[in-house]
Every structure is written in structure tokens, then in C-alpha cells.
Number of protein chains: 2
Amino acid sequence: MSVLYQRVAFIGLGLIASSMAHAIRRAGLAAHMTGTARSAQTREVAREIGLVDQVFDTAAEAVAGADLVVLCVPVGAMEAVAREIAPHLAPGVTVTDVGSVKQAVIDAVAPHLPADSHFIPGHPLAGTEHSGPRSGFAELFDNRWCILTPPEGCDSPALDRLSRFWRGMGANVDLMDAPHHDLVLAVTSHTPHLIAYTMVGVADDLRRVTDSEVIKYSAAGFRDFTRIAASDPVMWRDVFLTNKDATLEILGRFTEELFALQRAIRQGDGALLHEYFTRTRAIRRGIIDAGQDTDAPDFGRARKHGADV
Amino acid sequence: MSVLYQRVAFIGLGLIASSMAHAIRRAGLAAHMTGTARSAQTREVAREIGLVDQVFDTAAEAVAGADLVVLCVPVGAMEAVAREIAPHLAPGVTVTDVGSVKQAVIDAVAPHLPADSHFIPGHPLAGTEHSGPRSGFAELFDNRWCILTPPEGCDSPALDRLSRFWRGMGANVDLMDAPHHDLVLAVTSHTPHLIAYTMVGVADDLRRVTDSEVIKYSAAGFRDFTRIAASDPVMWRDVFLTNKDATLEILGRFTEELFALQRAIRQGDGALLHEYFTRTRAIRRGIIDAGQDTDAPDFGRARKHGADV
């Protein structure tokens, strides 16, 4: 794989940025990498583990001379970062991001960037429950999707280069317009996460079922909610605040369906429940066929952990 | 491991019964195993793969002379099975089951069993999304919990033997009263499953987001809902019909919490969301510390599948 950018600058050094740094090194996609983070401790760790070639105390220093700037901060912090780096961007620079919401990032960042820069928002659909500069690993993006939402009239050589860059990190690249991205993710990610957070919160509140029992018997299903409910709180707060409309729309449909099933349970309507549960099986098969999950019992968790009821 | 039962009879030959048969063989816990299933095709497959020593066409034949009878049918079928086998049970037989709900099984089965039999209801917290006699494997119960709900004045030698039997299959055994079991499972299993079924149903209904997109981008969180929403529809229909009160109570708490978060999103209350999402992280840590999940990114799914956002 050949060098695609001479100088890549990361603003924010969490799970995604640190995984990108490892994946870039693995494929030799950049000649030089710089980075910065708001927290002095994060910068210190990044220096300690040699995550990138140079760690700067300010975003202004980090972006100087970069031909690719990657914004890896929570969506709510994007505007402030854009204002801060704009005066220091090199001509012709490509600016991208890794935020889980796209229209809000475009609204926050685009107005502040110089005319001679190329802003191409992106969202790699990958992550773990872990955060911080030590949590990254080179394989995070392998065979996963990265969605780019280029604006109207986006510079096509810049878009092509950024696409090859993500493929070089192991990802598959898709193009989409920002509003559609935000709706798709509201269904496949944002609403499921909110529901998981809610269920975990309910279990946490419940007094008659002690924490120890909830944890001890978690493998019966609850466990799978706790992992996605352990993701970074600031990131998810910003996702829900900035993809409000799509999330609320999907949540509305969800509660509508949930009430229908709740009513069926109350009324003892077994036929409705059976029909509903039969229908949902097909989607699972599709996901396995699409190579987006493993068919192994319990996802191939260490077998000693058994599988889920 | 020594032989604990001379003749074990399985009524129903699905995932749990077939996994028990493999685990019993692995540890040499039974001298002889018989089984039956309502479906002729299931019986045929069981004979074909030699799942047990003898497959009978009727439950009456299967239980004759058995010192342990294991009811592995959906909760809704328990009463009919109990009526059918009662006249054919050997004196002093232990009858147990593997149903996900316990009080309803006690109400359905206990009244029909002879006075000289020992009825000790059980629930192994293990399973996969797969069903049928071919889906079983010996390791399913390793390091997983099996909850027994012995009635008042249960024969303690019989209880001790059944406990050793489950430990011999690799499980950890806990004793609990039936109503508490049903509440704990409503929190850790039944309500999470209903919520997962609902979310998958919503995605399935959504017209603007094509199935292909929902499936393609499922690894962003949705995927984890689809697996638990792919479990056996008949089993889950019966769970919700027979653990109605506890499930409805937990569902009520769930929707209450969900509406509070929905309101916070609508009002842009980031502080509330952040506090809530921070609190839920602790439970996750407890589950990993309790050895009920792996800390590997993406549960150690084949790394080429990457990890979840």
C-alpha cells in the first residue's frame, strides 16, 4: 500500500483515532502523523505509547502543514474545533471526521472552513465499549463499513483519495447523503443504544432484584444490552442531542410496536406474539449471510462462558 | 464422574434436551437415555444421529422405568405432557423441567404427578439462537447457571442428586423460590428479549430504510438485538404468556425510563443523558468481573467482523 497523505493530523485521540493510527501504520498510508487532545493526560499517554509521530498541546499546531485533518472529537465539540483550526489549515487540505451523526457535523464545521479546503464528512461503523488512546487496535475497521457523506460538488480526486485511505485501513466505503445516513443510523445504532441504556438503567434501579443477581444471571439476554450500554457517555449524549429528530421518530415507532406486544401479552394473544417472533427470525439470517455476524453459539465467546438463553 | 441415574427420559428433543444428552454422555451421568418428541421428523432426526439410546413415539413409552424424567417442551405444553406421563411414571421417579418460567410450570405439572414422585423444577440459563435435535452440544452448560426451584418439603436426597447431575453437566446450581425466579428472569431475560424482538420488528417495518441497509450496517448495534430476537418463537410466546405479571411490571418500568430519556432528548437535556449513560457503565464492569462475559472487542467475534460502534 502506498503513502496517500504526507501529514495526517488527529484532533482527539480516543478509540477511533488510535485505531486509525495503528491501521495507518499497518498499511503505510501516511508519511507522518500528528495529534492533539483536549486532556493533558490523554496527550501524555499518547506520547508515552508513541501513538503518533508528534503530539501537540494545541489543535492549531497539530494541523499546521497537514494534508489530511481527522476530527475525532464528540459531535458537540466539532464547531469549536473547526473555529480553532480554520486559520491554521494548509491550502488544499482535506478535512474529515468520524462522528456518528453527519448533518449536525456538516452544520457545525462547514461554515468555518476555508474555501480552498475539502470537507468530506465520514463515519466508520466500528468501535468497542472501550475508550481512550490505549484502546485502539489496527484491525478495528477490517471488513467494516465507513460511510462518507460528501457535499454537493465535492472535489472528486479528494474524495477518491479519502476512499482509498479508508480501504487501506481495511474498511469498505459507501457514499450516502447526510440526512439518509442519520436516519439509517437512528435505526441500526442510535435507537438500539438508547434502548439498551434504558434496560440497563431499569435493572440498576430495581431494588428487589439485587445487582448481584442481575449480574450473575445476565447471560440470559441482559448481558448483550450491557455492552452497548457501556460506550462513551459523552459521545452518546451528543449523538442523541444532534440526531434528535430521526431518533425520536424511530423511538415513536418502537414504543408503538412495544405497546402492541405489551397489549398482546396482557390479553394473552399468543397468535400475535408467535407471528411477530417468527417474522423477526428472517432478519437474523440475512445479517449472518451478509457476513456482519458469526453464527457461532454465543458469538464464539470463550466457550467457558457458554451461550445465551 | 459416576452414574447418577439409571434411565433418563427426555420429553422434547430440542436444543436443551440434545445438549443435555451430549453433556450426560461426556460425563457418564446416566446408564441409559430415552426420548420422545411430538414431531415425527424430530424423532427421526434423533434416531438418525443416535442422540439417545432409544427414541419412542409416545411419552408414555419413553418414561416407563425412568428414574429421571426431564420435560423439555415449551411451557405451554407442560400440562398436557404431565397428564400423559403421570400414569406411566415409576415409583420414586424424579421429574424436572427446563422451562424459562417456573411458577406456571409448577401450576401446570405438580397437580398431575403421583405422590411418590419428586417434582423439582429447573431452568438452565443457557441456549443459543438455534433449535432442534441437531443444535445441541456438550459444552452448552459449562460455567453457566442452572436454577432449581424445589417445592416446600422437597425430598433432599432427590434434590441433592439432581444438583450433582447438573454440576456433572458443567453448570453451577442455585436454589430459588419460583416467584423470585420469575421476577429475576423478567429483568435479565424476558423483558430484554421482548425489547429486542420489538426493535427488530420496527426495523423490519421501516420502508425508507431498506432491509439491505439495516442488515448491511447492523454491526453498529442493531446486530446484537437480532440474535436474541431469533430464538424459538413458540418458546418465547409461552414465556410471555406465562410470566405475564412480572414481564408487564418490568416493561412498565422500562417505558417509564424510556420516556424520561426521550423527553431529555426532546428538551436537549444533555446533563441528564450524560449522568444516565455514565451510571450504566458500572454494571458492565460487574458482569465481566463475574466471568459472565468476555472483555474482548466485539465479544471475540471473528476479528474480520470487526467490533461494534
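Quick note: numbers below take in every heavy atom, side chains included, and nothing from hydrogens, waters or symmetry partners. Each chain gets a letter, A, B and so on, in the order the sequences are listed, and its residues count up from 1. Not measured: the values here are computed from a predicted model.
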Exercise. Answer with side chain, backbone, both or neither: which region of A:Leu261 has an atom nearer than 4.5 Å to a non-hydrogen atom of chain B?
Key: side chain
Practice problem: Just say parallel, tilted or perpendicular for the rings of B:Phe259 and A:Phe259, cut-offs at 30° and 60°. | Solution: perpendicular
Quiz item: To the nearest 0.5 Å, how far apart are CD1 in B:Ile265 and CG in A:Asp245?
Solution: 11.0 Å
Practice problem: Indicate yes or no: at least one non-hydrogen side-chain atom of B:Met176 is less than 4.5 angstrom from one of A:Glu213. | Solution: yes
Quiz item: Among B:Gly270, B:Ala171, B:Ala264, B:Gly170, which has the most heavy-atom pairs under 4.5 Å with chain A?
Solution: B:Gly270
Quiz prompt | Top contributor to chain B contacts, counting heavy-atom pairs under 4.5 Å, from A:Ile250, A:Val200, A:Thr255 | solution = A:Val200
Exercise. Measure the spacing between OH of B:Tyr197 and CZ of A:Phe277 and express it to the nearest 0.5 Å.
Key: 6.0 Å
Practice problem: Over all heavy atoms of both residues, which pair between A:Leu241 and B:Gly268 is shortest? Give the atoms and the distance, please. | Solution: CD2-CA, 3.5 Å
Exercise. Could you have a look at B:Phe225, B:Tyr217, B:Phe240 and say which one has the most heavy-atom pairs with chain A under 4.5 angstrom?
Key: B:Tyr217
Quiz prompt | For the student: nearest non-hydrogen atoms of B:Leu258 and A:Leu194, plus distance | solution = CD1-CD2, 4.0 Å
Quiz item: Is a side-chain donor or acceptor of A:Arg281 paired with a backbone partner of B:Ala230 at a separation under 3.5 angstrom?
Solution: yes
Quiz item: Are the side chains of A:Met199 and B:Arg253 in touch, meaning some heavy atoms are under 4.5 Å apart?
Solution: no
Self-check item: Proximal component of B:Ile147, with respect to chain A [non-hydrogen, under 4.5 Å]
Solution: side chain
Practice problem: Quick one: closest heavy-atom pair of A:Pro192 and B:Gly221, and the distance? | Solution: CB-C, 4.4 Å
Quiz item: At what distance, to the nearest 0.5 angstrom, does CD1 of B:Ile195 lie from CD of A:Glu257?
Solution: 14.0 Å
Quiz item: In Å and rounded to the nearest 0.5 Å, what is the CD to CG distance from B:Gln262 to A:Leu248?
Solution: 6.0 Å
Quiz item: Any idea which of A:Val234, A:Leu273, A:Thr188 has the most non-hydrogen atom pairs under 4.5 angstrom with chain B?
Solution: A:Thr188
Exercise. Find out whether A:Thr198 and B:Phe254 are in side-chain contact, i.e. whether some heavy atom of one side chain is under 4.5 Å from a heavy atom of the other.
Key: yes
Quiz item: Under a 4.5 Å heavy-atom cutoff, which of B:Asp269, B:Thr278, B:Asp174 has the most pairs with chain A?
Solution: B:Asp174
Practice problem: Would you check if the side chain of A:Thr280 reaches a backbone N or O of B:Ala229 as a donor-acceptor pair within less than 3.5 Å? | Solution: yes
Practice problem: Let me know if B:Asn172 has heavy atoms under 4.5 Å from chain A in its side chain, its backbone, both or neither. | Solution: neither
Exercise. Check each atom of A:Asp238 against the heavy atoms of chain B and say whether the ones under 4.5 Å are side chain, backbone, both or neither.
Key: neither
Self-check item: Minimum heavy-atom distance A:Pro233-B:His274, with the two atoms named
Solution: CB-CD2, 3.8 Å
Quiz item: Can you name the salt bridge (charged side-chain N to carboxylate O under 4.0 Å, His left out) partners of B:Arg134, sequence neighbours left out?
Solution: B:Glu48
Practice problem: Not counting sequence neighbours, which residues clear ring-ring contact (aromatic ring centres under 6.0 Å, His included) with A:Tyr276? List them please. | Solution: none
